[in-house]
Amino acid sequence: MRIAYVCADPGIPVFGCKGCSLHVQEMLRALVNLGMNVTLFAAKQGGDPPEDLRKITCHILPPQAQPGQKPDRAQREQLAMDAHDWFLQALQQEGNFDLVYERYSLWSHAGTAYASRHAVPSVLEVNAPLMEEAKNYRGLIHEQQARQIARQNFQRASLICCVSQAVADYVQSFAPACGQGKSALPAIVTPNAVNPRRFAAFSTARAPRERPADLVIGFMGTLKPWHGIDYLLHAFARFQQENPSRKARLLIIGDGPQRAAMEELARQLHIDDRIQSTGAVAPDDVPGWLEKMDIAVAPYPPLENFYFSPLKVFEYMAAGLPVIASDMGQIKDLVQHGKNGLRVPPGSVMDLTEALQFLADHPQQAAQMGRRARQYILEHYTWDTVAQRVLTQCLDNHEKNVSLARPATQRNAN
């Protein structure tokens with residue numbers, strides 16, 4: 001089966017180091033593992049493909065702005081909308097695809113448009129309420145056009161894959177505008193997952209270290225406000241004050257716009273000498289860094305609509321780490337409190353500190369949580385399983401739609 005994978009979002013370097021980049025790479029890898037012939041169409045490459053993905057044919061959007069030109073937000077949005085024609089033309093020229101898999105972006109509906117034109121099945125992957133994100137964090141100039149593009153995508157897709165129930169609810173809110181009844185759009189929830197091969201080195205359970213003086217507490221992710229890194233720094237400072245004999249360290253894997261603020265807060269809390277910050281890390285290097293941790297943290301702050309499927313939590317657990325995560329959203333389904341990790345109230349420095357203290361003081365229980373976490377994730381959340389489910393459901397939906405349309409076509413012919 002020939003599959004076109006479309007990622008028209010200019011904020012996603014498909015072969016970069018972001019979590020969204022890894023998501024693209026793992027879905028490509030899973031589709032290839034299932035024997036699919038995949039062609040990639042992307043707005044931004046972001047580096048060389050990993051060795052096992054180099055056989056995939058890639059079509060990358062040429063630079064749109066002139067050298068030295070710095071478009072404002074309205075111009076950037078218009079350039080992204082204009083890129084739709086390039087994607088559609090590239091798909092047409094490559095042609096003869098059996099299925100299209102498109103990662104939803106604000107400004108393109110080329111994948112679903114091609115699939116609709118050629119009557120082939122299509123998957124639309126939705127990872128966030130993008131319009132709400134843009135309005136809240138960046139600004140959105142062409143909102144009307146963005147809504148029209150969303151409706152076109154949602155109407156045409158044979159299957160809409162949403163990373164969380166909150167995202168699925170967001171998608172279903174468009175049903176009336178798409179001419180469908182409430183909850184009528186073909187959306188399913190497909191959370192993030194892991195690639196077991198990336199975490200094969202963790203198949204042997206690590207032996208617990210009895211009250212290690214050099215305890216390593218870790219965080220992985222893009223340094224943005226909604227990841228709660230400030231709560232982690234405050235909790236770590238408090239933990240260090242309450243455990244002066246421990247020379248604990250805080251390992252931060254990732255980079256982002258909050259890095260300078262993080263470093264300044266660390267200086268104010270007098271913990272800057274206890275922090276190791278790696279900056280951006282290639283996906284292939286992530287397991288090696290996770291291996292250095294004793295405890296992994298996902299300290300999300302209180303958020304009104306927690307729609308994330310937190311990739312970091314999946315990977316922490318696949319690495320056999322005891323996890324402390326904010327008690328919200330999809331995390332409630334992943335982290336079973338006291339069994340394979342600990343959940344704490346979002347934004348509570350005191351509760352986060354107490355959780356750190358518990359795991360530090362009970363290494364045997366922490367190691368047991370880590371073993372259970374790894375087993376749970378590998379049994380229920382792998383990319384190969386996600387890809388197989390998505391393809392099966394998409395093809396089934398497409399066949400049903402064709403069957404429903406066939407009688408009407410026959411009546412018109414008569």
Side-chain angles (χ1 to χ4, degrees), residues 19-36 50 52-53 125 127 161-165 188-208 216 218-221 253 281-298 308-327 329-343 359 363-393:
C20 53
S21 306
L22 178 60
H23 190 141
V24 172
Q25 293 168 40
E26 292 294 8
M27 278 304 300
L28 290 172
R29 192 170 282 119
L31 292 170
V32 171
N33 289 341
L34 292 175
M36 304 298 119
D52 63 336
L53 296 179
E125 177 191 288
N127 295 277
C161 296
C162 306
V163 294
S164 70
Q165 186 58 53
I188 63 171
V189 177
T190 53
N192 277 325
V194 297
N195 177 353
R197 291 171 287 278
R198 291 181 64 229
F199 295 93
F202 298 94
S203 58
T204 302
R206 65 179 76 188
V216 179
F219 167 90
M220 177 174 67
I253 303 172
V281 168
D284 286 348
D285 296 330
V286 164
W289 284 105
L290 293 180
E291 196 170 12
K292 300 177 187 297
M293 296 181 185
D294 296 299
I295 299 169
V297 186
F308 304 103
S309 179
L311 186 59
K312 64 167 64 63
V313 175
F314 290 86
E315 299 210 328
Y316 290 162
M317 296 174 76
L321 286 165
V323 176
I324 303 171
S326 297
D327 189 11
Q330 199 176 88
I331 289 173
K332 294 176 181 290
D333 300 325
L334 300 175
V335 180
Q336 301 159 0
H337 186 73
K339 184 176 180 180
N340 63 9
L342 297 176
R343 300 199 306 264
L359 293 180
Q364 295 288 345
Q365 286 179 254
Q368 188 177 50
M369 287 182 191
R371 288 192 292 271
R372 289 172 176 166
R374 174 175 166 79
Q375 181 180 4
Y376 180 75
I377 288 297
L378 296 186
E379 286 179 356
H380 297 93
Y381 298 97
T382 67
W383 288 116
D384 287 353
T385 301
V386 169
Q388 182 64 70
R389 180 191 176 201
V390 166
L391 291 184
T392 300
Q393 186 70 58

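Along the sequence shown, the residues carry numbers beginning at 1.
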For Q368, enumerate each residue passing the side chain to side chain donor-acceptor pair (under 3.5 Å) test, keeping only those at least two apart in sequence or located in another chain. none
Heavy atoms, side chains only, cut-off 4.5 Å: are P287 and F202 in contact? yes
Does the side chain of V189 reach to within under 4.5 Å of the side chain of V163, using non-hydrogen atoms? no
Just jot down the salt bridge (charged side-chain N to carboxylate O under 4.0 Å, His left out) partners of R389, sequence neighbours excluded, or say none. none
Considering residues at least two apart in sequence or located in another chain, which fulfil the ring-ring contact (aromatic ring centres under 6.0 Å, His included) criterion with H337? none
Inter-residue atom distance K292.NZ - I253.CD1, 0.5 Å rounding: 9.5 Å
I'd like to check the side chain to side chain donor-acceptor pair (under 3.5 Å) partners of R343; sequence neighbours left out, ordered by chain and number. D327
Using the test side-chain contact (heavy atoms from CB on, under 4.5 Å), find all partners of A387 that sit at least two apart in sequence or belong to another chain. M27, A30, L31, L34
Filter on salt bridge (charged side-chain N to carboxylate O under 4.0 Å, His left out), then keep only pairs touching residues 24-35, sequence neighbours left out; what's left? E26-R29, E26-R198, R29-D52
Report the residues that fulfil side chain to side chain donor-acceptor pair (under 3.5 Å) with Q165, sequence neighbours left out, ordered by chain and then residue number. D169
The side-chain contact (heavy atoms from CB on, under 4.5 Å) partners of L311 (sequence neighbours excluded) come to L22, N192, E315, W383
Quick check: do L53 and P50 have side-chain heavy atoms less than 4.5 Å from each other? yes
Got L359 and L342 here, is their nearest side-chain heavy-atom distance under 4.5 Å? yes
Return the minimal non-hydrogen interatomic distance between M369 and P322, and the atom names on each side. CB-CB, 4.4 Å
Applying side chain to side chain donor-acceptor pair (under 3.5 Å), can you list everything that pairs with Q388, at least two apart in sequence or on another chain? T392
Establish, from distance only, whether the side-chain atoms of S309 and Q330 form a donor-acceptor pair under 3.5 Å. yes
So V32 and L28, do their side chains get closer than 4.5 Å, heavy atoms only? no
Would you indicate whether the side-chain heavy atoms of L378 and V194 approach each other to under 4.5 Å? yes
Is the closest side-chain heavy-atom distance between V281 and W289 below 4.5 Å? yes
Between R374 and F199, is there a side-chain heavy-atom distance shorter than 4.5 Å? yes
Donor-acceptor check, side chain of D294 to backbone of V216, threshold 3.5 angstrom: yes or no? yes
dist I331:CD1 -> S326:OG (nearest 0.5 Å) comes out at 6.0 Å
Kindly indicate, with the supporting measurements, whether the criterion side chain to side chain contact (heavy atoms under 4.5 Å, CB included) is fulfilled by Y376 and K339. CA-CA 11 Å; Y376 180 75; K339 184 176 180 180; over 6 Å; no
With side chain to side chain contact (heavy atoms under 4.5 Å, CB included) as the criterion, how do N195 and T382 come out once you've worked through the C-alpha distance, each side chain's angles and the decisive distance to 0.1 Å? CA-CA 6 Å; N195 177 353; T382 67; over 6 Å; no
Measuring from atom CG of L334 to atom CD1 of I377, what distance do you get when rounded to the nearest 0.5 angstrom? 5.5 Å
Going by side-chain contact (heavy atoms from CB on, under 4.5 Å), name the residues that satisfy it together with A298, two or more places apart in sequence or in a different chain. Y300, K312, V313, Y316, A325
Pairwise distance NE2(H23) to CG(N127) - rounded to 0.5 angstrom: 5.0 Å
According to side-chain contact (heavy atoms from CB on, under 4.5 Å), who are the partners of Q375, at least two apart in sequence or on a separate chain? E379
